[in-house]
Amino acid sequence: MAALPVRDDRRIVLHLDYDCFYASVFEVERPALKSQPLAVQQKQIVVTCNYEARRRGLHKLQLIKDAKRICPEVVIVLGEDLTKFRDASKDIYHFIRSFIWGGRVERLGFDELSLDVTEMVDYNMNLLNQSNIKSSFFHLDKSDPTVGFTYNATGFHGFTNPPQEQESSESANNLSTLGMRLLIGSHLLSHLRSKLEYEKGFTATGGVSTSKLLAKLVGSVHKPNQQTTLIPPYEMDDNTESNVIGFLDSHEIQKIPGIGSRLAQKLRAKVTGQDTGDGKVTVRDVRLHPNMGPPLLEKTLGGPGAAKGIGQRIWGVLHGVDNTEVMEGRDLPSQISIEDTYGRGRLDNIESVRRELTVLTKSLLRRMRTDLVDRGELNAEKPRWLAHPRTLRLSTRPRNPPEIDGTRTYNANRTSRSAPLPSLVFNLDENLDSLAERLVQDHVMGMFRKLHTERSGWDLGLLNIAVTNMVESAGDQKQSSGRDIGKMFRQQETVLREWTVYESDDPPKLTPDVKAVEQCGWQDEDEDEDEDPPLLSIECSICGAPIPHFAQQAHALYHVSEEN
DNA sequence: GAGACACAG
DNA sequence: TCTTCTGTGTCTC
């Protein structure tokens, strides 16, 4: 019998999942839609629909024509442009984060949040007045004791898992410390959900436990607009069953976050014995399989490409152990990409490819300006780039050629090429159309020809254009959370070394210069006293990047080299 | 760093 | 037909 992994239950984690998010965004915009069946369309697919539509038999990822047949009254809105969803998602994220001490709020996709509320819960736990527990006050602000809300601490808010027996009002007295902390967390979650609904118009489903994994899983038990707390006992001993194990055990293996289709397939094959791996296999089936433990899991799931230590990790997950922290959320994305899909024959010649790439590239440049440029309050300041992506990437998905019998199989695989992102894209004075055309003409088409060397004969199902390798421009300190100081100094050393090479070389070589300049995007004034040495810099008048003194000449050279 | 892949909503 | 339009993280080279 393999040793049981150890769970750390010191943290309290809340999980929030906005109900049918895309549909809700339209409902907030036009409240009359709330009473109607509503579906959001991307291409020929219903990507999500509201609960009124679900009552009538619609569901996610359904073909539009099936949806119309099943529910002819359905209101269909187009959701291929994600701008308003992204904006709403960001707005909700900032709203919720404004309540949370320490800012440990992590976004997963557009519609989910994990919150580490340990500090808030423990603070309020210590202030509980045992003599008047029915009308307790939850403090949301340490420095202002009037800020908060009243709550009844004799019971959990919302559902518990497993369901609690009908008990007297003294039930809170019998709770363990962990139970009491989870209870307080459940009231905070309820408050956040109310605020979200009444101030922003979005309902959400929530979960309370001690890790991202468990809070998310338990949150999905009662949907929509409900919340569930996974209650103790969490540990197993001679007299008690662990509720964590009991809760997890009945889940199908693929329902567990982090176990996707590939891992699930391998696990099902192992447990059912050399099957293609189809039947329903639960966490319990895997956990209790003969000789199961980290080594066997490593052997089953490992191999080329698999993450190392996967056996240990999955063994933990099967026991509800997830010690990954809730990270402080980033304000800047690490990548921006735009893609579109195309029907057969739509993209089989170079001119149509160029046309579509120009459309996508223009959207990408617009996204970069909205997401990476700080225009300041009331447009008083000069706009400046908060981050400079260093890499441009083009991906395509070719259609499979027809089989002998004429049928085509679907090809899910993408293929990609990357190149340095030319700095002309940071010029805020040039309009998007001409910028996009220059970028496609001078850079993207070359990457496309590297991807598809054949003159013709291809038929593409998808184009994706992305900027990656984001380098934050330090400077706006309050916005650039969580920057890696160690990495900064490592990069700084690289830049300095490159510069030294340049200085001592007789003829200036272009390659090292470009390299040095590319790495200078993050550089800025250093205001912190303890970070030495302070590096002065100025802003480039062409691209707005903060440039350290020593790199100014090289940076200017870079722009000159861009001109041809 | 480039490119592929796994996983997520 | 693992569908849409993204985004993050990790592996191998």
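When reading the values below, keep in mind they use all heavy atoms of this one structure, side chains included, and skip hydrogens, waters and symmetry mates.
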ask   = Counting just side-chain N and O atoms, does A:Thr409 come under 4.0 Å of either OP1 or OP2 of C:dT1?
value =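 No.
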inquiry  = Please tell me if A:Arg417 has a side-chain N or O lying less than 4.0 Å from either OP1 or OP2 of B:dA2.
reply    =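 Checking A:Arg417 against B:dA2: no side-chain N or O falls below 4.0 Å of OP1 or OP2.
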Please pick, from [options], the nucleotide with the shortest atom-to-atom distance to any side-chain atom of [X].
X	options	value
A:Glu80	C:dG9, C:dC5, B:dA4	C:dC5
A:Arg367	C:dC5, B:dA2, C:dG7	C:dG7
A:Arg390	B:dG1, C:dT8, C:dC2	B:dG1
A:Ser416	B:dA8, B:dC7, B:dG3	B:dG3
A:Thr341	C:dT4, B:dA4, C:dG7	C:dT4
A:Gln44	C:dT6, C:dT1, C:dC5	C:dT1
A:Leu263	B:dA2, C:dG7, B:dC7	B:dC7
A:Ser418	C:dT4, C:dT6, B:dA2	B:dA2
A:Asn469	C:dT8, B:dC7, B:dA2	B:dA2

key: Stepwise salt bridge (Lys or Arg N to Asp or Glu O under 4.0 Å) check, A:Asp371 with A:Lys90   = CA-CA 11 Å; A:Asp371 289 10; A:Lys90 264 192 223 168; 3.4 Å; yes
Upstream residue (5' side of DNA chain B) when A:Asn413 and A:Thr391 are each assigned their closest nucleotide =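 The residue closer to the strand's 5' end, by nearest nucleotide, is A:Thr391.
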inquiry  = Applying side-chain contact (heavy atoms from CB on, under 4.5 Å), can you list everything that pairs with A:Lys308, at least two apart in sequence or on another chain?
reply    =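 Scan of A:Lys308 (side-chain contact (heavy atoms from CB on, under 4.5 Å), adjacent residues dropped) gives none.
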Which word best sums up how the rings of [X] and [Y] line up, parallel for under 30°, tilted for 30 to 60°, or perpendicular for over 60°?
X	Y	result
A:His222	A:Phe159	parallel
A:His452	A:Phe448	tilted
A:Tyr22	A:Phe85	parallel

query = Is there a residue in residues 296-310 of chain A whose heavy atoms reach under 4.0 Å of DNA chain C, and which residues are they?
reply =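 Here the set is A:Gly305, A:Ala306, A:Ala307, A:Lys308.
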Pair A:Arg104 + A:Glu325: basic N to acidic O under 4.0 Å = yes
inquiry  = Test: side-chain hydrogen bond (donor to acceptor under 3.5 Å, both in side chains). Region: residues 250-263 of chain A. Which pairs qualify, not counting sequence neighbours?
reply    = none
